[in-house]
Amino acid sequence: MALIVQKYGGTSVGTIEKIGKVADKVCAQAKAGDKIVVAVSAMSGETNRLVALADEMSSKTHHREMDVIVSTGEQVTIALLTMALLDRGCDARSYTGSQIKMLTDSAHGKARIREIQGEGMLADLEAGKVVVVAGFQGVDEHGNITTLGRGGSDTTAVAIAAALKADECQIYTDVDGVYTTDPRIEPRARKLDRITFEEMLEMASLGSKILQIRSVAFAGKFNVPLRVLSSFKEGSGTLIALEDDGVEQALISGIAFNRDEAQLTITGVPDQPGVASKILGPVTEANIEIDMIVQNIGADGCTDFTFTVHRNDFAVAHELLQKTSEELGAKQVVGDDEIVKISLVGVGMRSHAGIANTMFQTLANESINIRMISTSEIKISVVVDEKYLELGVRSLHEAFGLHSDGEAKNLR
Ligand code: ADP
Ligand code: ASP
Ligand code: MG
């Protein structure tokens, strides 16, 4: 008998019929004796619909009210699923984030979980009930509804699993596991049986939207065994766990990409102490996150400075940089929001040189120009023109033997 937390994403609960299927599955497992907490997302498309409604109502940002509206999607799903479970003779109860006291900070739209009181859920489980919880939402210390950011139901599930010391947290979605890259871009991508927390965290941070970044960080911190599985297909999915020395490790575990990037360059800035902070200061003060940063070697007392931001922040960052440019007497500001970042991720990289070179050579063979490069112990990222995204990902996937039939090339 195990205590399992399961999360069903938007497409898995997208219709009444699909919710019925989820109920069948949960019910069978509960009747077999497992204690189950289910966290659910809004029905697919619902959160986007709610965001669009709010945008139609007002062009201003009303952070508190936004959370009140977007959190309603999940409330619908918990009630529908609980009805379906009860109809199948499976005792169940639904709870909103505030009812289970999912306490967060007050950062509306991107709240962080502080504490969960598990006693109520444990009492229900002891009494043989399935506990159905609304994902994505919480409550702050003043009783305001908060949300955890897009994809936040993953984090709800992991946080509950950590609080209840569950045996496993299972993320049910529309793919049957974590693949070497998004199968929508490379249909020959291969499903991974396991991946380390560290690699999954890099993949998520570098743009793989299969799991919310925070859910992976949380699972790693509290050592929650996390598994990604299909709602529609049987299988053991992908286990996200600690590094396992006994297992033959791949050199590269996967390729992540991010289309949400934009690049800004300021040229001809005086090459003096304090310039980097003068350039980036106003941008960070405007709450814009900066991703990659590159500064050229100075020549003739001047240098160029390039960084990337989220595409949504491009216009504001461009304006701010224009002002800074005038203040510093720089030459010009150039920007491009049609760029993407492609990254190779793998713990195997740590002990292996030459990966960067293979990566650059592969892109060169396809005549793909690299605009920026950044590396860390277990990843290499490049920025390229957006039009090369598919070609870049597919050629790297091939070069590193990541295809379903290419495993042999990729072992350490
Ligand atoms: P849910 O609604 O269940 O939360 P998401 O859309 O958030 O589902 O995540 C599942 C999607 O993630 C898949 O349909 C797939 O296109 C995408 N994805 C991105 N990178 C990967 C990857 N490396 N492996 C598998 N799926 C990926
Ligand atoms: N419904 C929310 C979203 O679409 C949260 C989630 O699905 O995880 O982002
Ligand atoms: Mg998701």
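These numbers come from the heavy atoms of this one structure, side chains and all, not from hydrogens, waters or symmetry mates. Indexing begins at 1, ligand by ligand and atom by atom, following the structure's order.
The closest approach between any non-hydrogen atom of Gln212 and ligand 1 is not below 4.0 Å. Gly177 counts as a contact of ligand 1, since one of its heavy atoms falls under 4.0 Å from the ligand. Judged by the shortest distance from any of its heavy atoms, Gly151 lies outside the 4.0 Å radius around the atoms of ligand 1. For the ligand labelled ligand 2, residue Gly135 lies outside the 4.0 Å heavy-atom shell.
Among all protein heavy atoms, the one lying closest to atom 8 (O) of ligand 1 is Thr173 OG1, 3.1 Å. The shortest contact between atom 26 (N) of ligand 1 and any protein heavy atom is with Ile210 CD1, 3.3 Å. The closest protein non-hydrogen atom to atom 14 (O) of ligand 1 is Arg184 NH2, 2.6 Å. Of the protein's non-hydrogen atoms, Tyr179 N, 2.8 Å is the one closest to atom 24 (N) of ligand 1. Annotation: atom 4 (O) of ligand 1 to nearest protein heavy atom, Lys7 NZ, 3.0 Å.
Those atoms of ligand 2 with a heavy atom of Ser41 less than 4.0 angstrom away are 6 (C), 7 (O), 8 (O). Interface atoms of ligand 1 facing Gly10, defined by a heavy-atom separation under 4.0 Å, are 2 (O). Residue-ligand proximity, Asp174 to ligand 1, at heavy-atom distances under 4.0 Å covers atoms 10 (C), 11 (C), 13 (C), 14 (O). When each atom of ligand 2 is checked for a heavy atom of Arg150 under 4.0 Å away, the hits are 3 (C), 4 (O), 9 (O). Close contacts of ligand 1 with Val178, meaning ligand atoms under 4.0 Å from a residue heavy atom, involve 24 (N). Contact atoms of ligand 2 toward Ser153: 5 (C), 6 (C), 7 (O), 8 (O) (distance under 4.0 Å to a heavy atom of the residue).
In terms of modelled atom types and a separation under 3.5 Å, the side chain of Asp124 and the main chain of Val130 share no donor-acceptor contact. Put simply, the side chain of Thr362 never gets that close to the backbone of Ser395: no donor and acceptor are under 3.5 Å apart. With Asp34 contributing its side chain and Ile36 its backbone, the two residues share no donor-acceptor pair below 3.5 Å. Proximity of a side-chain donor or acceptor of Arg194 to a complementary backbone N or O of Leu242 within less than 3.5 Å is detected. Listed for the Arg311 side chain is a donor-acceptor partner under 3.5 Å among the backbone atoms of Asp337. Counting only distance, with no hydrogens or angles, the side chain of Asp154 and the backbone of Gln212 share a donor-acceptor pair below 3.5 Å. In this structure, the side chain of Asp385 does not engage the main chain of Lys387 through any donor-acceptor pair within 3.5 Å. Checked by atom type and distance alone, the side chain of His310 pairs as donor or acceptor with a backbone atom of Asn312 at under 3.5 Å.
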Review point. Yes or no on side chain to side chain donor-acceptor pair (under 3.5 Å) for Ser253 and Glu199, after CA distance, side-chain angles and deciding distance?
Key: CA-CA 7 Å; Ser253 288; Glu199 288 168 320; 2.6 Å; yes

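Looking at Ala256 against ligand 1, nothing comes within 4.0 Å, counting heavy atoms. Contacts between Glu74 and ligand 2 below 4.0 angstrom, taking non-hydrogen atoms only, involve the side chain exclusively. Contact annotation for Thr180 and ligand 1: no heavy atom of the residue comes within less than 4.0 Å of the ligand.
Between Asp154 and ligand 1, no N or O atom pair is found at a separation short of 3.5 Å. Note: no N/O pair closer than 3.5 Å links Asp154 and ligand 2 by distance alone. Polar contact check, Gly151 against ligand 2: a nitrogen or oxygen pair lies under 3.5 Å apart. Close N/O approach between Gly152 and ligand 2 is found [any backbone or side-chain N/O within under 3.5 Å].
Atom NE2 of residue His397 and atom CG of residue Leu402 lie 4.5 Å apart, to the nearest 0.5 angstrom. Ser44 OG to Asp174 CG: the interatomic distance, rounded to the nearest 0.5 Å, is 9.5 Å.
Classification of the Phe314-His318 ring pair by plane angle, with boundaries at 30° and 60°, yields perpendicular.
Within the 4.0 angstrom cut-off, atom 6 (O) of ligand 1 has no protein heavy-atom neighbours.
Considering only heavy atoms from C-beta on, Thr173 stays 4.5 Å or farther from Leu211 through its side chain. With a 4.5 Å cut-off on side-chain heavy atoms, Phe197 and Lys221 do not count as touching.
Looking at Leu192, Asp182, Ile195 and measuring to atom 15 (C) of ligand 1, the nearest heavy atom belongs to Asp182.
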